[in-house]
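Note on naming: letters A, B, ... go to the chains in the order of the sequence lines (proteins, then strands), and numbering restarts at 1 for each one. Heavy atoms only: backbone and side chains are in, while hydrogens, waters and symmetry mates are out.
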2 protein chains.
Amino acid sequence: MSIKIFGHQNPDTDSITSAIVLAELESKLGNDATAYRLGEINPETAYALNYFNIDAPELLDSVIEEDTVMLVDHNEFQQSAPGIESATILAVIDHHRVANFETNVPLYFRAEPVGCTATVLYKIFSENNIEVSRECAGLMMSAIISDTLLLKSPTTTEQDEKTLYLLSEIADVNLEVYGLEMLKAGASTKDKTAEALINGDAKTFEMDNRSVRIAQVNVVDVDELFERKDELIEAINKEIDANEYDLFTLVVTNILESDSKVLALGEHHGVIEKAFDVSLEDNMALLEGVVSRKKQVVPNIEKAFASLYE
Amino acid sequence: MSIKIFGHQNPDTDSITSAIVLAELESKLGNDATAYRLGEINPETAYALNYFNIDAPELLDSVIEEDTVMLVDHNEFQQSAPGIESATILAVIDHHRVANFETNVPLYFRAEPVGCTATVLYKIFSENNIEVSRECAGLMMSAIISDTLLLKSPTTTEQDEKTLYLLSEIADVNLEVYGLEMLKAGASTKDKTAEALINGDAKTFEMDNRSVRIAQVNVVDVDELFERKDELIEAINKEIDANEYDLFTLVVTNILESDSKVLALGEHHGVIEKAFDVSLEDNMALLEGVVSRKKQVVPNIEKAFASLYE
C-alpha cells in the first residue's frame, strides 16, 4: 500500500506543496508514496499549482490503523488526519513546535526552527544527492514565499532566504513578481464567506488545558474585511459554541504593512490584552509588527495563559 | 550561559558520549556548549572514556527555566533532567520513539530510526562539513558498539554498520577486539549491588496510564547474576513500592548468545506472558532472540497492555 503523505488540516501552501514534493522525493528514493490534502485548496495555493501545472492532491478524510503515513508541516495530532493515533507514522518533516505527538516505535522526525517546511525538504534533497525538478523547485519556492510573506515575516531565517534564491533560479522565475502575484491571489476576501475566512487557515492549540483556536487571514485591504465584522463575529461565536473553544482569535495580517488586527472572542478573550500588552476595543486591537502565528501569536498567548493563575 | 547537553537518566554509553560529541560539534559551530551527565558512569562507558583519554562530564541534578539545553539519546521528559518542562530546549538528537515531549516554540528535532544516536550525530558532522577528531570518532564508535551489541542487535541498521566501520578507521582501532573488551567491561555483575544492577540501565514508560519500569543488564554469564535472584527480587519490590510501578521488568541479556532472561514483578507481571508468548516460572522466562529493549521489549509490552482490556 502506498505511503500517504499530507500536511495539516486547513492546508496552506506549505502543507500542500510539501506533501507533493516529499511524495516525489520518496518516489526517487524507490518508495511508493502519494500526496494527499486534508482540506480545500486555497486561492494562493491554486495560483502556485496552476503556474507550475501541477494537479492538486486528492482529499483524504481520515486514516486507519493499516495506513503508513508521513506528516509534513505539522506534528500535533489534533491538526492531523482523524485516526492518526492508530496509523503507522514513518516520518515527520516540520518546522513547528513539537507537542501532542506520540509513537510507539522510532521514526524519522525532522523538525527545524526555520520559516518553512520546504527549507527542510530542500536540505533532504541535497543530503540524498537528488536533483530538484523545476516543478518541485517552484512548489518549494511558493511555500517559502507563503510562509515568510516574501521574507518579511520574523519567522524567516537565513536558511529560508538562501534556499528561496536557489529555488527561484532552478524554477527560473522572477521572485518578486511571482511572489507578490501569488500572495495577492490569496489575499482577496471579497468572494469568501465569513465561515471560509475564519476556518481557512485556523489551528487549534491546547494551552493550560484550554482549547484555543487561532485563525489567520492574510489581506492587502484590512478595512474590506472588517466591514463585515458583525458577520465574522456571528460565524466565530457559532464555532465557539460548536467546538467549546475557550478562546477564538482571528488574526488579520496586512501583508503589505506587516502588522495585524486581532479579533478575540470566547470566555478568555481578555487574555489577548495580557498577551500583547494592548487594550481591546470592541474585542479588537492592532498588533504592530505581528505577522507570524507561530513565532509571535501562539507563544505570547501561551505565556499569558500560563501566567494567568500564577 | 553555556548550553547544557545531556542524555537520559541512568546514562549508558550512547547518552554520555553523544553529549560529549555534540558539545564538541557545537563548539566547532561557534556555540558555547557543555556536556553533562544525569547519573553515574557505568563500567562500559568508563572503559571507553579511559581508552580515548576523555574526562567524564559533570553531574547535573536538574535544570531551571533559565537554562538552554540540548537533549541527546532521549526525548521523553520523564527520562530527562528534573525541571526539563520549563527549560528552553534548543535541540534533540535521538533514535527513540517520540512521546511525552512538548515545547512552546520550534526547535531542531532530529530523530532517526537507527540503532544509535551517534549514527545520527555522524551525519550532522558530514552535513556541516566538520571534521571528526580521533577522540570523537572513538566515542561515537563506542556508542554504536554499545547500542548494537557489536552490530548483533536487531536495532542495527545498514547506516549504523557503515558508520561504525568509517568511525573505527578514523579512531584507528581494531573494531572486534576493542568492541568485545568494552562490552565485557560493562558485563560483569559480581562487583555490583542488586540496587545498582536494577537501576543501572532502567527507564520508565507510561503505557495505557500504567507506570512500567524496564531495566536491562547485559551479561556474559547469566547464572552468575541469577544466583542472586532473591536479592534482586527484594530490591525490585522496594522500587515498586517506592515508585508505584505497575510492572517492573528486569531484562538480562546474554550478549554472547543474543537472548535474554526476564524477571517480571509487580501487579501486572502477567502481561509479560502475553507480550512474548511465554509462560513465567517463578516470575521468570527465557526470551529467545530478544536483545533490544527499544525494538523488542517496549513495543511488545505496550501491545500487550493495549490489548489487555479490549
Side-chain angles (χ1 to χ4, degrees), chain A residues 65 71 73-77 85-86 88-117 119-120 123-124 126-129 147 155 157 159 205-208 292-306, chain B residues 65 71 73-77 85-86 88-117 119-120 123-124 126-129 147 155 157 159 205-208 292-306:
Chain A
E65 204 178 335
L71 312 185
D73 196 31
H74 75 298
N75 65 82
E76 301 192 40
F77 282 174
E85 296 82 1
S86 66
T88 300
I89 305 172
L90 292 182
V92 175
I93 318 283
D94 194 12
H95 68 122
H96 294 88
R97 74 166 191 162
V98 178
N100 307 310
F101 179 89
E102 178 166 328
T103 58
N104 291 340
V105 293
L107 76 162
Y108 185 92
F109 194 116
R110 178 92 170 250
E112 301 199 18
V114 292
C116 183
T117 306
T119 303
V120 184
K123 276 192 188 184
I124 299 176
S126 303
E127 287 161 18
N128 287 283
N129 286 315
D147 272 8
T155 56
T157 67
Q159 290 183 50
F205 299 85
E206 277 182 47
M207 297 184 185
D208 241 29
S292 164
R293 172 167 53 198
K294 190 172 69 170
K295 200 115 175 177
Q296 299 171 305
V297 180
V298 171
N300 278 353
I301 298 180
E302 196 141 41
K303 265 184 225 152
F305 265 120
Chain B
E65 204 177 335
L71 311 185
D73 196 31
H74 75 297
N75 65 82
E76 303 193 40
F77 282 174
E85 296 82 1
S86 65
T88 300
I89 305 172
L90 291 182
V92 175
I93 318 284
D94 194 13
H95 68 121
H96 294 89
R97 73 166 190 162
V98 178
N100 307 311
F101 179 89
E102 179 166 328
T103 58
N104 291 340
V105 292
L107 76 162
Y108 185 93
F109 194 117
R110 177 93 170 251
E112 302 198 17
V114 293
C116 184
T117 306
T119 302
V120 184
K123 276 193 187 181
I124 299 176
S126 304
E127 287 161 19
N128 287 283
N129 286 316
D147 272 8
T155 57
T157 67
Q159 290 183 50
F205 299 85
E206 277 181 46
M207 297 183 185
D208 241 28
S292 164
R293 172 167 51 198
K294 190 173 66 170
K295 202 118 177 176
Q296 298 171 307
V297 180
V298 172
N300 277 353
I301 298 180
E302 198 141 42
K303 264 184 226 153
F305 265 119

Peer 1: Rounded to the nearest 0.5 Å, what separates atom CZ in A/R97 from atom CD1 in B/I89?
Peer 2: 12.0 Å
Peer 1: Looking at A/K294, A/E127, A/M207, A/E76, which has the largest count of heavy-atom pairs under 4.5 Å with chain B?
Peer 2: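 That would be A/E127.
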Peer 1: Could you give the distance from CG (B/N300) to CG (A/N104), rounded to the nearest 0.5 Å?
Peer 2: 11.0 Å
Peer 1: Taking side chain as C-beta onward, heavy atoms only, is B/E112 less than 4.5 Å from A/F109?
Peer 2: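 Not in contact.
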Peer 1: Given the options A/A99, A/A91, A/A111, which has more heavy-atom pairs under 4.5 Å with chain B than any of the others?
Peer 2: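 Of A/A99, A/A91, A/A111, A/A111 has the most heavy-atom pairs under 4.5 Å with chain B.
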Peer 1: So B/V105 and A/K295, do their side chains get closer than 4.5 Å, heavy atoms only?
Peer 2: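 No; the side chains remain at least 4.5 Å from each other.
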Peer 1: Take a 6.0 Å sphere around NZ of A/K123 and say whether it holds more than 12 heavy atoms from other residues, nucleotides or ligands.
Peer 2: yes
Peer 1: Heavy atoms only, distances under 4.5 angstrom: which of A/V298, A/N75, A/V98 has the most pairs with chain B? Name it, please.
Peer 2: A/V98
